[in-house]
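Accompanying notes for the structure given below.
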Amino acid sequence: VAIRVKPSPPLPHRITDLAIIDELISELLCDNHPVAVGISFGGPVDHSQGVVRLSHHVPGWENFAICSYYQEKLNIPVFVDNDANVAALSEWAFGAGVGKSSLLYLTISTGVGGGIILDGRIWHGMDSMAGEIGHMTIDPQGPVCLCGKRGCVERLASGPYLADDARTILREYPEKGTILRHIVLDELEKITAREIGQAASQGDDLSVKLVKRAGIALGIGIGNTANLLNPECFVLGGGVIAIGDLLMQAIVSSARQTALPEVKLNIYPTALGNFSPLSGAVALAQANLVSIL
Ligand SMILES: [Zn+2]
């Protein structure tokens with residue numbers, strides 16, 4: 001499998017993104033003639049119309065008909081879906097969920113996203129919005145999330161919010177988080193989920209507390225979802241999961257406390273890592289090709 005990665009420029013726009021994609025297409029395809037294209041998009045999409053709704057990070061993508069754009073260029077069928085849905089399909093087709101009939105994928109990273117596979121297919125919901133476990137309310141009195149609601153899973157467990165909360169507490173309480181402060185040499189702007197994980201593994205009081213809080217929030221989300229859907233497994237990916245055992249233990253025990261005793265819980269780390277949205281784009285094209293042939 002050939003993989004090329006090119007980062008976006010500092011102030012990206014749809015136009016610059018498309019130029020990068022075009023470059024990658026010509027590099028990768030050379031004289032190959034694919035039969036279909038699958039696109040994993042990092043934001044909400046209307047998969048049935050092949051239209052991107054928007055990107056939360058890059059302007060210019062609003063209501064962009066990405067499938068017809070590439071269909072005209074390449075003259076083959078093109079399919080698109082949200083990256084969390086595509087990653088879920090990927091883990092089901094090639095990763096930790098092979099052989100299962102149902103799966104819930106969670107990515108805990110810049111945000112917390114989710115994708116649901118039921119009977120081997122992505123469950124989109126009426127508005128293509130199913131799987132938003134990140135905005136499940138854990139604490140109605142909790143801090144405000146970027147979605148405007150309070151105490152969402154994402155507000156309590158995503159990387160940037162963990163770092164924000166650590167910085168706020170470190171500024172307010174000079175006696176807390178000594179190990180974390182030392183790791184970033186007192187440059188609080190350098191704190192990310194990775195440094196928090198590192199400090200937590202060395203017993204830093206503040207970091208341990210934040211990691212456990214994140215794990216409990218994720219576990220409540222997973223336990224409630226298990227009660228509702230009873231999927232065969234949960235697969236967890238994204239950079240924050242790399243924090244490791246302390247986080248995983250908090251997730252598993254909180255999910256177990258939340259789910260009914262009769263509801264089995266299988267919680268696995270991703271088998272495909274950061275490449276699950278990419279390999280999932282292949283699975284997406286394959287699945288859709290089969291259904292249109
Ligand atoms: Zn939210």
Side-chain angles (χ1 to χ4, degrees), residues 40-47 52-59 61-63 81-88 104-116 122-169 191-194 196-197 207 209-229 231 234-243 247-248 250-251 254-255 257-259 267 270 276-277:
S40 164
F41 189 83
V45 302
D46 181 340
H47 74 286
V52 167
R53 288 218 172 99
L54 71 136
S55 160
H56 291 293
H57 307 284
V58 183
W61 282 103
E62 295 77 13
N63 300 315
D81 216 316
N82 160 269
D83 58 350
N85 287 344
V86 171
L104 212 132
Y105 174 84
L106 267 91
T107 171
I108 305 117
S109 169
T110 317
V112 175
I116 304 169
I122 296 171
W123 175 258
H124 290 95
M126 183 172 75
D127 302 305
S128 274
M129 289 297 288
E132 288 290 352
I133 192 169
H135 299 285
M136 193 180 267
T137 304
I138 301 302
D139 177 5
Q141 318 296 329
V144 178
C145 175
L146 59 84
C147 72
K149 300 192 295 107
R150 282 182 182 274
C152 299
V153 175
E154 177 164 317
R155 178 62 188 80
L156 300 170
S158 72
Y161 276 132
L162 278 178
D164 277 356
D165 288 347
R167 279 191 283 268
T168 305
I169 297 168
I191 294 175
T192 70
R194 190 197 303 184
I196 294 171
S207 304
K209 210 169 162 187
L210 286 172
V211 169
K212 282 189 177 165
R213 188 192 69 170
I216 289 168
L218 287 161
I220 292 174
I222 288 171
N224 278 319
T225 307
N227 285 339
L228 189 69
L229 295 175
F234 289 83
V235 180
L236 311 185
V240 175
I241 280 299
I243 286 177
L247 180 64
M248 276 306 275
I251 292 173
S254 139
Q257 279 172 32
T258 307
I267 303 174
T270 165
S276 53

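Basis for what follows: all heavy atoms, side chains included, without hydrogens, waters or symmetry-related copies. First listed ligand is number 1; within each ligand, the first listed atom is number 1.
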If you define the side chain from C-beta out and look only at heavy atoms, does anything of [X] sit under 4.5 Å from [Y]?
X: Asp81; Y: Ile122; value: yes
X: Thr137; Y: Lys149; value: yes
X: His56; Y: Pro44; value: yes

task: Sequence neighbours left out, what passes salt bridge (Lys or Arg N to Asp or Glu O under 4.0 Å) with Arg53? Give chain and number order.
output: none

task: Would you list the pairs meeting ring-ring contact (aromatic ring centres under 6.0 Å, His included) in which at least one residue belongs to residues 129-153, sequence neighbours left out?
output: none

message: For distances below 2.8 Å, what is the count of protein N, O or S atoms around the Zn ion (ligand 1)?
response: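 Total protein N/O/S atoms under 2.8 Å from the Zn ion (ligand 1): 4.
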
- prompt: Please, which pairs that meet side-chain hydrogen bond (donor to acceptor under 3.5 Å, both in side chains) have at least one residue in residues 211-229, sequence neighbours excluded?
  reply: Asp165-Arg213

